[in-house]
Every structure is written in C-alpha cells, then in structure tokens.
Student: 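Following this message is one structure expressed as structure tokens.
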2 protein chains.
Amino acid sequence: MEISTVNVNGLRAAARKGFLGWLGATGADVVCLQEVRAVPEQLPREAAAPPGWHVVVVPGEVKGRAGVAVYSRADPDGVRVGFGAEEFAGSGRYVEVDLGAVTVASLYLPSGEVGTARQEEKERFMEAFLPYLVRRRSEVEAAGRDLVVCGDWNIAHREEDLRNWRGNRRSSGFLPEERAWLSRVFGEAGYVDVVRALHPDQAGPYSWWSYRGRAFDNDAGWRIDYQVATPGLAARAASARVERAASHGARWSDHAPVTVSYS
Amino acid sequence: MEISTVNVNGLRAAARKGFLGWLGATGADVVCLQEVRAVPEQLPREAAAPPGWHVVVVPGEVKGRAGVAVYSRADPDGVRVGFGAEEFAGSGRYVEVDLGAVTVASLYLPSGEVGTARQEEKERFMEAFLPYLVRRRSEVEAAGRDLVVCGDWNIAHREEDLRNWRGNRRSSGFLPEERAWLSRVFGEAGYVDVVRALHPDQAGPYSWWSYRGRAFDNDAGWRIDYQVATPGLAARAASARVERAASHGARWSDHAPVTVSYS
DNA sequence: CTTATAAGG
DNA sequence: CCTTTTAAG
C-alpha cells in the first residue's frame, strides 16, 4: 500500500495548475490533502469526484481556510472528523479514514507566528492533540490495527529538517518547544517518523519551500510534512520519497507530496 | 499627432501581461489611461517612468480604484486635475494635459449599476461634467486652442455602438437618459465623436468586451471609449482604429486602445 | 509570493 | 471573469 500526503495550498488553484495530472499519474492507494481551502461544491468535478477514487473532504468553517481531505482507491470502512477538541471541531484540520487494518489520518496543524494569537492557537492545538495521539495508539493497537497520521505538522523536528536552521531558531515551526513537542510524539507517544526512519542521515528531504525569493530553486526548504505511524505499520515502510519533481516546471503548491510504500 | 486611449483595468496587472510591450511598440505621441488602480509608487519602474515618455498619474483617493494617467513624448506645458466638481475632486477620474495647441484629457466616467447608488453617482458626474465641457470649449477656442477628452465614458451612444443593444436597453451604459446625455455632448456642447465621424456606418468598432463568457472571441463588445474633440481638432482627424489585435493572444485589459491620427 | 476573501466593474 | 483589497500562510 502506497500513501501520499501533500498540502495543496488551495485545491482549486492546485487543480488548475497540475495537481489533477499528478493525481492521475500517481500509483498511490491513498492521498491525504491539506489546505483544501474550499467546500466540495466549489471544486471542479475532476477534483471532487475523480474516477477511481473515493473522496472525503472536510472543509473548515471559515471560508477559504484550512480543510483536509483523503482520496482512497478503496471505499472507506469508516470516517471520523476531528479529534475531540471542542475548539478545533469545525476547523477542517483533522480527519481519520479506516481502510482495512489501517487508519489513515490527514492532519493540518495550525501554522503559527511568534508573538501572535496564531502561535497560541497552534500551541493549544498541540497540547490537545498529543494526549489524543497517545490514547489513539492504545486503541488502534488493542484492536490489532495501525494508524498513520499524514499531513502538514508545521514543525521541523531537527536541524537536518530545514536548510537554514540557524536563522530560524526563533521562527514558528522550529521553536525549541515545538521541536520538543514533536520529540514527545516520536518518544513517549510511541509513533515513528517514517521518512526519517528510512533516511536517518540525509538533510531533509524537504517538503515545503516558501514561494518568496528563490527558495525552491535553492532547495532552501523545510521538512514539515510527515507520515507519523504506529510502530507496526512503520516497520512495514519499504521506501519513502518526496516528489519534488512533481513541483518542477508547473509547480502547483508550495509543498511537495511525501510518499511512502508500505509492504 | 497620434493619440491613444485605453482603460487598462489595473496598470500593475496590465504591465505584467503585455501593456509595456504595446507601449514600447506604439507610434502614438500621447497615451491616455484609465483605471490605473495604483499610486505611482506601486507601479513598476517601466510603467512609472518609461524611457522617452513624460508621465502624469492621477490616482484616486480610494486605494486600488479608478485613477487616470497621460503619457506623452513631449513635456506637458500644464497639468490640471479634476474638473471643478467638489464631489469628484479626489476621485482620480479626470486630468488635462496641455501639449502645444492641444489639451488632451483623460476621463474615467463612473460605471453604474441600475437601481444602485453607483448609478446615482454616475448621473451626478454626468450632470456636473456637461456644463464643464460647454464652458471649456468656449475657453479653449477663445484661446485658439483645441481639446480632446479621451477615455472611458461608460456609455454606448447608439445601437451601432454595442453588439447586443436590444438586450441592454435597461442596462447601465445604454440607458435612454445616458444616450441622451451623450447626444448633448455631441450636440449643444459642440464636441465631435471622432471615431464615429470617421466610421459613420460601421458596427462599433467596439472597445470593450466583458471578461465573462466568450464576449471577446465573439466580438460581443461595446464602444464606450471615445476621443471627444472640439471641432477644429476633429477636422484634423485623418484615421482612427481600435487596436483589438493588441488584445489578441496575451490580452492585457478588457478594453482595447482607441487610436486616432490627427494631421 | 501565493492563496483565499470582498467589493468593484 | 477579471481587478483590486485584506488576511493568512
């Protein structure tokens, strides 16, 4: 089973610019999207109901913001929206889809800005989400199942995860408390950073490059999109890649798809 | 002397899309613009100070709205902003530039919408502008000079001036009272519709096509951009054309330049 | 720099 | 259907 995750930065714009071509060509069985930024009715038919795919779209309540989705070739056995936190119930930031013995989640963790209310919102999300992850792992493992939380976590974990880590030590997305929080996800919560586990020593592979300046051409990126799996599924990860080439020429998002093959 | 007038529908967007190429290639001596929708500081240098041109930009007070400009190869002898009406003093809708014995004005008459305050504003503008035109013709002719008011008048005069005149008899831009007002400009005020005078029998030539549907491809346009001249200058008009081809391929505005050669 | 938005056209 | 704006990212 192959799973891809990509923040499309507006599915309507991405669909116009090349996402649909990528979707048509991908060999993935499941595709998680973040920042759909549309309700299903606003999407072109080829994005809302592409032939051969089952589509779950969870828009945010605020028009044109957030929104997650899961495209799967198989018909989901179950779908759950949100993770129980009242504040984020309608925010379009989390959905779980059951596909056989694996639950695939699409997560769009809030992006923050130091010194602003948006950073506080990001922290509240993190605070509520970690205990959920802990509880959820117990549940899925007790049921003999696996969980992979795919998405834009908006945090680079280690120095290898962003090109300019020195210059970003006070930037939201690489703050010590954010990195420590991710360490708890990969530590006490018991999840595995699948791409890093397969590529322990490499810089990146980055999954996001700012549209400003020449960040993409210089590969001055951040690895903030993850597949975060329970250990049983993580052990089945055979290969992983960031589809940076999907962004070459006709770049259709500031993120690139993060794709993992599970045996 | 050749004069062009064109509503650029946002000079920043037009500059990105091909206006600068057109400006570099034109043989015109004077170019009047409407809907600049920017203050000079927001313009790229090639638009704010193109080599070989003197530029007068009159932005509107409301950010991103209206704004007229006159580009001339000769250095203007004088510049006057507005036409004396208090209400429209800072609206970025009228400027006169003296160039030798000819005064060239760039006009952006408000666009209206039937049944709304915007239609009332358009009517107030028309009511104040006609007496100004009458007085101004006396002044310039007494001084042995000429005046041509170039711009987007937002009114089609006669049935020949828009493709779908039957369907637009209740639309702002072709209302009986608007058409009658233009008849007064060309009648009692003593001005000449230069393009119509040179092409008395032809449909159009249209100068504006909606971006909606296939209006441009079907030439379903309106002739709402005029060169309205005092009779002395009008008599010197040798040829006129709408540069519809300037919009082919890389269309950089929903209007096309209206260009007249004066001997 | 790009995506949304809203109002204007 | 395009421009602008403002907010968000």
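To find a chain, count down the sequence lines: A is the first, B the second, and so on, and within it residues start at 1.
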Student: Provide, to the nearest angstrom, the distance between the CZ atom belonging to B/Phe216 and the P atom belonging to D/dC1.
Tutor: 16 Å
Student: For DNA chain C, what string of dots and brackets results from 5' to 3' when Watson-Crick and G-U pairs need both distances under 3.5 Å, crossing pairs get [ ], and pairs with another strand get |?
Tutor: ||||.||||
Student: Over how many whole Å does the gap from B/Lys63 atom NZ to C/dG8 atom P extend?
Tutor: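 Going from B/Lys63 (NZ) to C/dG8 (P), I get 16 Å.
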Student: Rounded to whole angstroms, how far apart are CD1 on A/Ile224 and P on D/dG9?
Tutor: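 Rounding to the nearest Å, CD1 of A/Ile224 and P of D/dG9 are 12 Å apart.
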Student: Rounded to the Å, how far apart are B/His255 NE2 and D/dC1 P?
Tutor: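 Taking atom P of D/dC1 as the reference, NE2 of B/His255 is at 17 Å.
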Student: Would you say CD of B/Glu86 has more than 12 non-hydrogen atoms from neighbouring residues, nucleotides or ligands within 6.0 angstrom?
Tutor: no
Student: Students often mix this up, so state it plainly: with edges at 30° and 60°, are the rings of A/Phe186 and A/Tyr226 parallel, tilted or perpendicular?
Tutor: tilted
Student: Among residues at least two apart in sequence or on other chains, which ones pass salt bridge (Lys or Arg N to Asp or Glu O under 4.0 Å) with B/Arg12?
Tutor: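 Salt bridge (Lys or Arg N to Asp or Glu O under 4.0 Å) check on B/Arg12 returns nothing, list empty.
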Student: Assign B/Asn9 to base, sugar-phosphate, or nothing according to its heavy-atom contacts below 4.0 angstrom with the strands shown.
Tutor: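 Sugar-phosphate only.
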Student: Record whether the side chain of A/Arg37 comes under 3.5 Å of the base of C/dT3 through a donor-acceptor pair of N or O atoms.
Tutor: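 Answer is yes: a donor-acceptor pair is held.
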Student: With respect to B/Val68, which candidate in B/Val36, B/Leu33, B/Val95, B/Val56 satisfies the side chain to side chain contact (heavy atoms under 4.5 Å, CB included) definition?
Tutor: B/Val95
Student: Rounded to the nearest Å, what distance is computed from the CH2 atom of residue B/Trp222 to the C1' atom of nucleotide C/dG9?
Tutor: 12 Å
Student: Under 4.0 Å from any atom of DNA chain C, heavy atoms only: list the residues of residues 106-117 of chain B that qualify, in numerical order.
Tutor: B/Tyr108, B/Ser111
Student: D/dT5, C/dC1, D/dT3: which one has an atom nearest the side-chain heavy atoms of A/Tyr211?
Tutor: C/dC1
